[in-house]
Amino acid sequence: MVRTPWGDATELRARMLRPGRGTPREEAERNQRERLFAAMVATVAEKGYEATTVADLVDLSGVSRSAFYRHFDDKEECMLTAAESLIEPTIEGISEAVTAEGGEERTRQALEAMLNLIAGQPAASKMAFVEIYAAGPKGVEVVERTLDTFEKYVAGLFQQVPGREEMPPQMIRAMIGGLQKVIHKRLYRDEEGELVDLTPQIWQWWLSYPPPPGPLRAPRRRAQKPRPFAERQAVANPAERVLRALAAIVAEKGYPATTVAEIVERASTSQRTFYEHFANKEEALIAALDSGSAQMLGTTLPAFRRAPDWQHAVRSA
């Protein structure tokens with residue numbers, strides 16, 4: 001049994017409204033959408049977004065296929081709408097749990113309430129924080145809108161904390177981004193219970209950042225002009241060409257839609273060469289991530305290590 005914000009998954013069919021003129025249309029449609037949202041959360045928790053089908057959703061929810069398509073164009077729209085519908089109730093739940101009048105305690109209570117809500121609904125949280133990226137660019141847009149909402153909420157809380165009234169929005173967004181990563185990692189590993197225990201550490205981490213003494217400015221350095229794709233491919237070995245081609249295609253159409261045939265064509269190599277270096281597409285993707293991470297570390301670590309203290313090190317990196 002999977003618990004969702006819209007009811008337990010095993011009880012969705014029991015929530016079906018009786019057909020007839022006695023039920024207002026708006027109520028009937030809301031009932032159907034909520035059952036579909038709950039079915040989406042439960043099915044994604046069990047199978048993952050990629051393996052979830054519209055047939056799964058209508059079977060679990062008891063909503064007919066024709067009714068599903070009256071509400072949504074496809075399963076992607078259903079999941080994105082379900083994820084967005086969680087934002088307002090989450091903010092309301094946080095606000096209701098906060099009892100302090102202001103200052104640090106009010107902000108700390110809000111952080112604690114948020115992590116409690118996420119840990120209390122692990123299936124819905126995992127869909128909204130982890131699985132949503134499987135929806136591609138549209139999923140990222142929903143994540144960004146969610147972060148925008150929380151940024152405004154946290155900014156209002158920090159204005160009530162003495163000494164942090166002038167916290168720049170860039171720093172607040174960075175703090176929320178760090179929190180998002182902590183949440184994502186625990187949900188991905190099914191370790192959501194750790195989030196509540198981590199609250200004191202996260203709170204101390206947030207408090208460790210005072211507002212800067214002046215406005216944040218971008219470093220006055222001339223950015224290096226990136227070399228064209230074809231030029232970089234011309235001097236790369238076959239494995240590097242494959243990884244760069246993979247990255248380019250995934251950026252255009254997403255990982256699920258990318259094929260080995262497209263990769264070797266873009267890399268101007270052969271399938272034989274591809275399989276000499278990689279067992280499959282997944283192994284090539286992992287190698288590409290490793291290579292990209294190594295290049296980023298090679299760029300940032302020297303600047304980080306040259307700095308006189310950690311504050312300058314973070315900025316230099």
Side-chain angles (χ1 to χ4, degrees), residues 104 107-108 111 115 129-130 133 140 143-144 147 150-151 154-155 158 161 163-189 191 194-195 197-229 231-248 250-251 255 277-278 282-317:
E104 289 186 12
T107 309
R108 188 198 63 78
L111 173 63
L115 295 178
F129 281 93
V130 180
Y133 288 101
V140 175
V143 173
E144 288 300 312
L147 294 179
F150 279 102
E151 179 185 328
V154 172
F158 267 99
V161 178
R164 286 172 174 69
E165 301 90 340
E166 302 300 325
M167 187 70 76
Q170 299 97 321
M171 291 184 66
I172 293 176
R173 186 56 166 251
M175 293 161 68
I176 293 174
L179 177 62
Q180 177 197 12
K181 180 62 177 177
V182 172
I183 294 169
H184 182 282
K185 186 174 183 179
R186 272 35 183 213
L187 290 173
Y188 181 79
R189 294 179 173 180
E191 298 171 348
E194 293 184 4
L195 291 172
D197 296 333
L198 287 172
T199 302
Q201 296 179 49
I202 296 172
W203 175 237
Q204 289 302 316
W205 165 58
W206 273 17
L207 285 184
S208 69
Y209 289 99
L216 295 178
R217 296 184 179 89
R220 296 181 179 179
R221 294 179 182 176
R222 181 180 300 175
Q224 292 184 348
K225 185 177 180 180
R227 295 162 62 194
F229 178 87
E231 182 180 324
R232 285 180 289 160
Q233 289 289 75
V235 297
N237 62 45
E240 291 172 342
R241 294 206 307 271
V242 167
L243 297 183
R244 190 173 290 114
L246 168 64
V250 168
Y255 173 74
H277 295 280
F278 311 105
E282 180 180 352
E283 186 175 297
L285 176 71
I286 294 172
L289 293 171
D290 284 341
S291 176
S293 298
Q295 292 179 51
M296 286 189 286
L297 285 173
T299 300
T300 58
L301 277 178
F304 184 90
R305 289 171 174 165
R306 286 195 302 266
D309 52 50
W310 72 265
Q311 293 96 332
H312 288 86
V314 170
R315 176 154 190 152
S316 297

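Side-chain atoms are counted along with the backbone in the values below, which use heavy atoms only and exclude waters and symmetry mates. These figures come from a predicted structure and were not determined experimentally. Count residues from 1 along the sequence.
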Residues that Phe278 engages under ring-ring contact (aromatic ring centres under 6.0 Å, His included), provided they are two or more places apart:
Phe274
Could you check whether atom OH of Tyr188 has more than 12 heavy atoms from other residues, nucleotides or ligands sitting under 6.0 Å from it?
no
Suppose we screen for side chain to side chain contact (heavy atoms under 4.5 Å, CB included). Which residues come up paired with Ala248, at least two apart in sequence or across chains?
Phe229, Arg266
Considering non-hydrogen atoms only, spot the tightest contact between Leu243 and Ala288 and give its length.
CD2-N, 3.8 Å
Once side chain to side chain contact (heavy atoms under 4.5 Å, CB included) is applied, do any residues pair with Gln170, and if so which ones, sequence neighbours excluded?
Pro168, Leu216
For the student: nearest non-hydrogen atoms of Met171 and Pro212, plus distance:
SD-CD, 3.4 Å
Report, one line per pair, each donor and acceptor closer than 3.5 Å where one atom sits in a side chain of residues 178-186; sequence neighbours left out.
unit_1, atom_1, unit_2, atom_2, d
Gln180, NE2, Tyr133, OH, 3.0
Arg186, NE, Glu194, OE1, 3.2

Quick one: salt bridge (Lys or Arg N to Asp or Glu O under 4.0 Å) partners of Glu231, sequence neighbours excluded?
Arg227
No-hydrogen, no-angle side-chain donor-acceptor test under 3.5 Å, Gln295 and Thr299:
no
Heavy-atom nearest pair, Glu240 first then Asn237, reads N-OD1, 2.8 Å
Asp197: which residues meet the side chain to side chain contact (heavy atoms under 4.5 Å, CB included) condition with it, sequence neighbours left out?
none
In chain order, what residues pass the side-chain hydrogen bond (donor to acceptor under 3.5 Å, both in side chains) check against Arg244, with sequence neighbours excluded?
Gln233
What pairs with Arg173 under salt bridge (Lys or Arg N to Asp or Glu O under 4.0 Å), at least two apart in sequence or on another chain?
Glu144, Asp148, Glu151
Contacts of type side-chain hydrogen bond (donor to acceptor under 3.5 Å, both in side chains), residue Thr300, not counting sequence neighbours
none
Could you give the distance from CD (Glu104) to CH2 (Trp203), rounded to the nearest 0.5 Å?
5.5 Å
Return the minimal non-hydrogen interatomic distance between Trp206 and Met175, and the atom names on each side.
CG-CE, 3.4 Å
Once side-chain hydrogen bond (donor to acceptor under 3.5 Å, both in side chains) is applied, do any residues pair with His277, and if so which ones, sequence neighbours excluded?
none
Smallest heavy-atom separation, Pro210 atom then Ser208 atom, equals CD-O, 3.1 Å
When you measure from the side chain of Ser293 to the backbone of Leu289, do you find a donor-acceptor pair of N or O atoms at a distance under 3.5 Å?
yes
Got a sec, which residues hit side chain to side chain contact (heavy atoms under 4.5 Å, CB included) with Gln201, two or more places apart in sequence or on another chain?
Leu198
Do Arg164 side-chain atoms and Leu207 backbone N/O form a donor-acceptor pair below 3.5 Å?
yes
Crowding at CD, Glu282 (>12 non-hydrogen neighbours, <6.0 Å):
no
